[in-house]
Protein chains: 2
Amino acid sequence: MEEQLDNERVEKIAFVLKTIAHPMRVGIIDLLSRNEKMSVNDITAYLGLEQSLTSHHLANLKMKGVLGSKRDGKNIFYFLKMKEAPEIIKILEDVKVNVF
Amino acid sequence: MEEQLDNERVEKIAFVLKTIAHPMRVGIIDLLSRNEKMSVNDITAYLGLEQSLTSHHLANLKMKGVLGSKRDGKNIFYFLKMKEAPEIIKILEDVKVNVF
DNA sequence: CAAAGGTATGAACATATGTTCATGTAAAAA
DNA sequence: TTTTTACATGAACATATGTTCATACCTTTG
C-alpha cells in the first residue's frame, strides 16, 4: 500500500483543484486542450463571456501555473502548461452528479 | 478529435471539483481510498481536527455524492462512493505548484 | 430510564472568491 | 502621431465558503 499523503501534498492538491474548480476555468482548460494556443479574443468569443472577466480568469490560471502566455503582435496567446489539468477534466467527463 | 464539452458538462465537472477542492476534504478522500470505511471518530483523529468540523465536511461530501455512510451501532461509517475522486487526487500526487 | 459515547446541525461570524465597471497600456494601423 | 485593436488591472461590491460554538439526536450501556 502506498504511503498516506502528507500535509503539504494535500495542501498543494487542494490548491490546484481550487484553481480549476470553476465552470469558466474548466471551459478554458478544455478549450486549450483542443487548441495548442488561443488568443484572449478567441477564448472570450468561444465561451461567450466578457473580455475583462476572461482576462481575470486567465491571469489567475497563469499565476498559479496552469497556463502560460506569449504575446504575438497585438494578441496574447494562452496555452496549457500544467498537463494534469486536462487529465482531471477527462476523468470527470462522464461523472454523475447529485442534484439537490 | 473529441467533441467540446457542453455547458452542462462543464458545470458538473466544476461542481465536483469544487466539492473536493479543500485540504480537509482531499485528506478525507485520501484516507478513505486506503480504508474501505472509517468512523467519524477515526477520521477526526487521523486528521487531527474537531469533531464538528469533520462532520460538516463529511455531510458536504455525502450530500454531493462523493461519499456514502452507514450506521453501525453508535458509529457511523463513511466510505467512498464516487470512484473518480481518488483518481483525481492520484493524478495530482506529484504536481508542481507555483508558490507566490 | 439516566448517563455516556458518537455524531449531526444550525446560527453567527470571518474570509475568500467571482463579477462588474472604469480605466490603463502595448502594439499596429491609419 | 492620433486612433484603434487587444488585453490587463484595480477598486468596489455581492456572494459563497469555511469555522466555531452551542446544542440536539440516536444508540448502547449501566
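Here is how names work: the chains are called A, B, and so on, in the same order as the sequence lines, proteins then strands, and each is numbered from 1. What's counted below: heavy atoms across the whole structure, side chains too, no hydrogens, waters or symmetry copies.
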What is the separation between atom [atom1] on [X] and atom [atom2] on [N], rounded to the nearest whole Å?
X: A:Leu61; N: C:dG18; atom1: CG; atom2: P; result: 10 Å
X: B:Lys70; N: C:dT7; atom1: NZ; atom2: P; result: 15 Å
X: A:Phe77; N: D:dA6; atom1: CZ; atom2: P; result: 11 Å
X: A:Met63; N: D:dC7; atom1: CE; atom2: C1'; result: 17 Å
X: B:Asn60; N: D:dG18; atom1: CG; atom2: P; result: 7 Å
X: A:Asn75; N: C:dA27; atom1: CG; atom2: P; result: 13 Å
X: B:Leu67; N: C:dT7; atom1: CG; atom2: C1'; result: 15 Å

Please round to the nearest 0.5 Å and tell me the distance separating atom [atom1] of [X] and atom [atom2] of [Y].
X: A:Asn60; Y: A:Thr19; atom1: CG; atom2: OG1; answer: 6.0 Å
X: B:Lys70; Y: B:Ser39; atom1: NZ; atom2: OG; answer: 14.5 Å
X: A:Glu84; Y: A:Ile89; atom1: CD; atom2: CD1; answer: 12.5 Å
X: B:Leu92; Y: A:Glu87; atom1: CG; atom2: CD; answer: 8.5 Å
X: B:Ile13; Y: A:Asp30; atom1: CD1; atom2: CG; answer: 7.0 Å
X: B:Leu61; Y: B:Leu67; atom1: CG; atom2: CG; answer: 4.5 Å

For B:Val10, side-chain contact (heavy atoms from CB on, under 4.5 Å) partners two or more places apart: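 Testing B:Val10 for side-chain contact (heavy atoms from CB on, under 4.5 Å), a comparison that skips the adjacent residues, returns A:Pro23, A:Val26, B:Leu5.
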Matching residue for B:Leu32 among B:Lys81, B:Lys37, B:Met38 - test: side chain to side chain contact (heavy atoms under 4.5 Å, CB included): B:Met38
Looking at [Y], is its backbone amide N or carbonyl O close enough to the side chain of [X] to form a donor-acceptor pair, meaning the two atoms are under 3.5 Å apart?
X: A:Arg71; Y: A:Gly73; value: yes
X: B:Arg25; Y: B:Gly27; value: no
X: A:Asp72; Y: A:Asn75; value: no

Bend angle of the helix from C:dC1-D:dG30 to C:dA30-D:dT1, end axes from five pairs each (to 10°): 10°
Sorted by number, the residues of residues 46-58 of chain A with heavy-atom contact under 4.0 Å to DNA chain D: A:Gln51, A:Ser52, A:Ser55, A:His56
Presence of B:Asn41 side-chain N/O under 4.0 Å of C:dT7 phosphate oxygens OP1/OP2: yes
Per-nucleotide protein contact string for nucleotides 24-30 of chain D (B base, S sugar-phosphate only, - none; heavy atom under 4.0 Å): --SSS--
Tabulate atom names and distances for all N/O pairs under 3.5 angstrom spanning the protein and nucleotides 13-17 of chain D.
{"residue": "D:dT17", "atom": "OP1", "partner": "B:Lys18", "partner atom": "NZ", "Å": "3.0"}

Pair A:Ser55-A:Gln51, side chain to side chain donor-acceptor pair (under 3.5 Å): steps then yes or no: CA-CA 6 Å; A:Ser55 260; A:Gln51 181 268 316; 3.3 Å; yes
Touch class at under 4.0 angstrom, heavy-atom based, for B:Tyr78 against every strand present: sugar-phosphate
Residue pair A:Met82 / B:Val95, side-chain heavy-atom distance below 4.5 Å: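 In short, these two side chains touch, coming nearer than 4.5 Å.
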ring-ring contact (aromatic ring centres under 6.0 Å, His included) contacts touching residues 60-96 of chain A (sequence neighbours left out): none
